[in-house]
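Written out below as structure tokens is the structure these notes cover.
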2 protein chains.
Amino acid sequence: MAEQADSSGQGLHARLLDALGPAITAGEYPPGTVLRTDEVAERYEVSRTVVREAVRVLESMHLVESRRRVGLTVLPTAEWNVYDPQVITWRLAGADRPRQLRSLTVLRSAVEPAAARLAAGSATPQQCADLTEHALGMVATSRGHRLGEYLEHDVAFHRVVLNSSGNEMFARLGDVVAAVLAGRTRHDVMFSDPRQEAVTMHVQVAEAVREGDGERAESVMRNITVDAMAELDVLAP
Amino acid sequence: MAEQADSSGQGLHARLLDALGPAITAGEYPPGTVLRTDEVAERYEVSRTVVREAVRVLESMHLVESRRRVGLTVLPTAEWNVYDPQVITWRLAGADRPRQLRSLTVLRSAVEPAAARLAAGSATPQQCADLTEHALGMVATSRGHRLGEYLEHDVAFHRVVLNSSGNEMFARLGDVVAAVLAGRTRHDVMFSDPRQEAVTMHVQVAEAVREGDGERAESVMRNITVDAMAELDVLAP
DNA sequence: TGGACCATAAAAAGTCATACTTAAAGCGCG
DNA sequence: CGCGCTTTAAGTATGACTTTTTATGGTCCA
């Protein structure tokens with residue numbers, strides 16, 4: 001079973017965060033808006049302590065700035081820590097989800113081919129096995145409207161590639177890729193089964209990595225990401 | 001002048017953060033270590049309020065986890081939000097700086113060529129002008145041990161490329177690139193002037209972007225990053 | 001006698017209210 | 001026009017109380 005995600009955590013401060021974060025990232029409090037601690041405390045019926053803790057976190061995400069005698073100022077979008085998983089989650093849940101999905105897909109297009117190339121040079125036998133397993137899993141579930149299972153294998157596959165690259169910066173993008181992939185199928189119900197060519201390419205990446213052919217792994221993965229971009233162009237405005 | 005960086009901020013909680021963050025990322029409190037709020041409060045001579053605020057931030061960076069009846073547990077490295085600018089700063093200042101520099105350079109190698117290609121398709125005239133200006137600035141300062149000025153142009157150049165890509169995820173990596181470039185020259189005093197080929201390549205990227213030649217912009221930028229990787233291999237073990 | 005299960009106690013984080021300190025924005029006076 | 005005072009809101013500290021979770025210990029059954 002999938003984990004509970006890390007939003008909606010326990011504790012008042014976490015719940016306040018899950019109220020403020022989405023509100024800010026959704027533009028409900030546009031940049032330049034000034035809030036006061038007491039005001040927030042009253043509105044959400046929590047103590048100032050709780051508000052301050054939540055604010056410290058928002059501040060570390062560069063969503064707001066707290067200044068004495070002024071209050072909490074919502075910062076312009078350009079300042080936000082857009083790599084923070086929580087910020088990504090909030091934005092994906094909000095109004096500019098399409099734009100966000102596009103940004104992330106472009107990032108994927110840059111990172112995943114590079115990761116695949118590196119993976120070919122440093123994946124462990126276990127990782128190669130996992131790769132093959134999930135690629136075959138995708139094949140097996142690519143027909144018959146088993147999108148749920150298909151997605152799980154797809155996500156796992158890309159996670160393994162990123163982890164196998166041996167680069168921790170790449171590895172940490174696993175959640176991002178998962179969010180993008182999940183978003184794709186969840187957003188609009190995909191009636192049709194995945195395209196067979198896409199499935200085949202995953203198998204090929206697994207092969208290339210197993211054989212240590214970085215060049216080919218990168219190249220095929222690049223085609224996968226090109227596909228993803230194209231798909232996005234069809235679905236989104 | 002360069003900005004004051006956002007570490008060492010005002011406020012006790014920020015200072016506590018600047019004590020705990022580097023200590024944790026440096027492995028001074030290894031993963032699994034358990035701290036208690038009161039203990040920390042006493043050791044750093046601050047109130048529990050302050051400790052809790054700092055902890056909330058560390059928690060949002062996934063450096064620690066706070067559990068009732070247990071305390072603050074330092075999380076394994078794999079959990080850390082390695083894209084958080086503050087975490088990057090802390091780690092670059094610490095012991096595994098070389099490893100960190102390498103990770104970030106690999107990331108650059110994946111992202112910057114893609115960014116250059118996009119920039120060729122969407123850079124404004126102003127951005128093209130800036131690009132040319134900084135490329136020429138690099139040429140002008142590439143001889144005569146003017147590394148300080150050279151670095152400034154270099155950083156500015158790469159920032160403009162990333163911003164011109166029109167992708168906010170890429171744009172936000174400007175600080176990372178700046179940190180890597182700065183680290184390169186600061187770490188070991190570079191006696192020799194930059195290689196002329198490297199300088200020339202920057203001029204070529206500026207040209208390609210101006211002419212809208214994404215293919216070439218990407219290709220030359222890729223060579224620049226290959227150079228950066230090679231340089232790292234020479235300097236680091 | 002040994003093990004499993006449940007109730008209870010203790011420990012530490014979480015929450016709240018309050019009092020007090022500090023910095024800075026804005027106003028008014030010289 | 002500028003200097004300083006006032007006022008405001010964030011920052012800090014403390015103590016009392018709540019909640020959750022772990023660990024302990026004891027009982028009951030096999």
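On a predicted model such as this, the values are computed, not experimentally measured, just so you know. The figures here come from the full heavy-atom set of this structure, side chains too, leaving out hydrogens, waters and symmetry mates. First the proteins, then the strands, lettered A, B, ... as listed; each starts at 1.
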Would you check, one step at a time, whether the test side chain to side chain contact (heavy atoms under 4.5 Å, CB included) holds for Val209(B) with Val161(B)? CA-CA 9 Å; Val209(B) 169; Val161(B) 171; 5.7 Å; no
For Val180(A), run the side chain to side chain contact (heavy atoms under 4.5 Å, CB included) check against Thr105(A), Asp175(A), Leu232(A) and tell me which one passes. Thr105(A)
Spacing between Arg67(B) atom CZ and dA11(C) atom P, to the nearest angstrom: 18 Å
Ignoring hydrogens and angles, are the base of dA25(C) and the side chain of Arg69(A) linked by a donor-acceptor pair under 3.5 Å? yes
Any salt bridge linking Arg172(B) with Glu79(A)? Criterion: basic side-chain nitrogen under 4.0 Å from a carboxylate oxygen. no
Check the angle between the aromatic planes of His153(A) and His134(A) and answer parallel, tilted or perpendicular using the 30° and 60° thresholds. tilted
Any donor-acceptor pair under 3.5 Å joining the side chain of Arg48(A) to the base of dT12(D)? yes
Measure CD/Glu65(A) against C1'/dA10(D) and give the value in whole Å, please. 13 Å
In whole angstrom, give the distance that lies between atom NE2 of His13(B) and atom P of dA23(C). 14 Å
Mind listing the residues from residues 31-45 of chain A sitting with a heavy atom below 4.0 Å of DNA chain C? Number order is fine. none
Considering just the side-chain nitrogens and oxygens of Ser66(B), establish if one lies under 4.0 Å of OP1 or OP2 belonging to dG14(C). yes
Closer to the 5' end of DNA chain C via nearest nucleotide, is it Thr49(B) or Val55(B)? Val55(B)
Between Arg68(A) and Leu72(B), name the one whose nearest nucleotide on DNA chain C is closer to the 5' end. Leu72(B)
Between Asn167(B) (side chain) and Phe170(B) (backbone), is there a donor-acceptor pair under 3.5 Å? yes
Report the C-alpha distance between Tyr150(A) and Met138(A) in whole Å, list the side-chain angles of each, state the deciding distance to 0.1 Å, and finish with yes or no for side chain to side chain contact (heavy atoms under 4.5 Å, CB included). CA-CA 5 Å; Tyr150(A) 178 82; Met138(A) 289 174 72; 3.3 Å; yes
Hey, does Arg52(A) reach any base, or is it just sugar-phosphate, or nothing, if we go heavy atoms under 4.0 Å? base
Rounding to the nearest 10°, end axes of the helix from dT1(C)-dA30(D) to dG30(C)-dC1(D) built from five pairs each make an angle of 10°
Contacts satisfying salt bridge (charged side-chain N to carboxylate O under 4.0 Å, His left out) that involve residues 51-74 of chain B (not counting sequence neighbours) are Arg52(A)-Glu53(B), Glu53(A)-Arg52(B), Glu53(A)-Arg56(B), Arg56(A)-Glu53(B), Arg56(B)-Glu59(B)
Can you tell whether the side chains of Glu39(B) and Arg43(B) come within less than 4.0 Å, N to carboxylate O? yes
State, without any angle test, whether Asp154(A) and His158(A) hold a side-chain donor-acceptor pair at a distance under 3.5 Å. yes
